[in-house]
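If you read the sequence from its start, that first residue is 1, and numbering goes on from there. Start at 1 and go down the list; that is how both ligands and their atoms are numbered.
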Amino acid sequence: MLIKLASVLALADSTRKEAYFNRRSFLRGLGIAGAATVVGERFSSLLSPSTTAFAGTKLTTIKSNYRVDEKISSENDVTHYNNFYEFGSDKGDPAKNAQNFRTSPWVVSVEGEVKTPRKFSMDEILTLAPLEERIYRHRCVERWSIVVPWIGYSLSTVLKLVEPSPKAKYVAFESFYDPKQMPQARYTGLAYPYVEGLRLDEAMHPLALLCVGMYGETLPNQDGAPVRMVIPWKYGYKSIKSIVKIRLQSSEPPTSWNRQAPNEYGFYSNVNPNVDHPRWSQATERRLGEIYMHKTLMFNGYSDQVASLYSGMDLKKFH
Ligand code: MTE
């Protein structure tokens, strides 16, 4: 289907416009009813309850050099316009439906091709390294973007602790999934648990953030509490939420959106204004709260830091 955006949609009608780029319409088009299959692993019995992992807890942070000098998006927009399909596929669903999501106790298992596999409690994750406030651009494949003061530290801190073996080439991530707490998930068309992946060198890049908070506090449930990834040079769907498992492995892991629509969503998913989505251009984006479009930047503006990870690769092929 060829989309003639300007002629079809009035600029001011941002709600309709975002709906147009929403991947949900694609899923509905396929007539997928949804498959609630695997229940995410939990280790609650191994732990004493965390006192610090609840949404809305103030966090003490240090300033980081990783900060773009751009207007920060309103907290209300960032916490009420979400993609978190486990809680429904409308942008307002996660804020409504994730309110009672139980995020404590919580354990993240880091395993696979590593010398010392470990299960980290949230209290451990919150104290492994100083928490940095990093201001990143975040660009969704649907052409909306935000600028967010995330809180966390480089994922490499955790990966180094478990000592990757020489066989480790990729990192697979898995989100929590519980159909009882997430009854809306089965109507969204995605298979759960949500999974994502990175090459090990991408995961070790200092910009790849293990994120525990935003706007000075622990993460709101709808933004991926209690711990998520933020990978600012990639489309937002790579930034997997509510992580329970991180597995180092020798082979490329499957990813939720690639599994769903392989011709539309590749493994790499680097932000690239020169490679269109099959159904829309990726040259521009709309910041939440603004009307006019911004030009989308190569690697979302992080070329200086990450372009070398992809030298010699055809980014059209490895999209
Ligand atoms: N993680 C899980 N588990 N489930 C999801 O549906 N959506 C992804 C990503 N991580 C998603 C997820 C998409 S498409 C985007 S754009 C970002 O989360 C959105 O993050 P935000 O809602 O905090 O802006």
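- Under the salt bridge (charged side-chain N to carboxylate O under 4.0 Å, His left out) criterion, E132 pairs with R134, not counting sequence neighbours.
- Below 3.5 Å of separation, one finds no N or O of W144 facing any N or O of ligand 1.
- Near N82, meaning under 4.0 Å from any of its heavy atoms, are these atoms of ligand 1: 21 (P), 22 (O), 23 (O).
- No N or O atom of Y237 sits closer than 3.5 Å to an N or O atom of ligand 1.
- For R228, the closest heavy-atom approach to ligand 1 falls below 4.0 Å.
- Under the 6.0 Å distance and 45° angle rule, R186 does not count as a cation-pi partner of Y192.
- Checked by distance only, ligand 1 and K241 come closer than 3.5 Å through their nitrogen or oxygen atoms.
- In this structure, G224 does not count as a contact residue of ligand 1, since none of its heavy atoms falls inside 4.0 Å of the ligand.
- By the 3.5 Å distance cut-off applied to N or O atoms, Y85 is counted among the residues near ligand 1.
- Nearest-residue assignment for atom 12 (C) of ligand 1 (options Y194, Y177, F173; heavy-atom criterion): Y194.
- Side-chain atoms of W233 and Y136 form no donor-acceptor pair, as typed in the model, at a separation below 3.5 Å.
- Less than 4.0 angstrom separates some heavy atom of S239 from each of these atoms of ligand 1: 9 (C), 10 (N), 18 (O).
- Nearest residue to atom 16 (S) of ligand 1 from C140, A185, S175 is C140 (criterion: closest heavy atom).
- For E196, no heavy-atom contact with ligand 1 is shorter than 4.0 Å.
- Cation-pi geometry between K238 and F267 is satisfied (NZ or CZ under 6.0 Å from the ring centre, within 45° of the ring normal).
- In the model, Y265 has no side-chain atom that pairs as donor or acceptor with a side-chain atom of H319 under 3.5 Å.
- Considering only non-hydrogen atoms, atom 17 (C) of ligand 1 lies nearest to G236 out of G236, P94, S242.
- The shortest N or O to N or O distance between W257 and ligand 1 is not below 3.5 Å.
- Annotation for N65: atom CG does not count as buried by contact number, only 12 or fewer foreign heavy atoms lying within 6.0 Å.
- The side-chain heavy atoms of Q222 and F87, taken from C-beta on, include no pair separated by under 4.5 Å.
- H277 pairs in a side-chain hydrogen bond (donor to acceptor under 3.5 Å, both in side chains) with only one of the listed residues (E142, Q282, E264), which is E264.
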Check: How far apart are the C-alpha atoms of K180 and D178, what are their side-chain angles, what is the distance that settles it, and do they pass the salt bridge (Lys or Arg N to Asp or Glu O under 4.0 Å) test?
Finding: CA-CA 5 Å; K180 286 206 189 78; D178 174 5; 5.3 Å; no

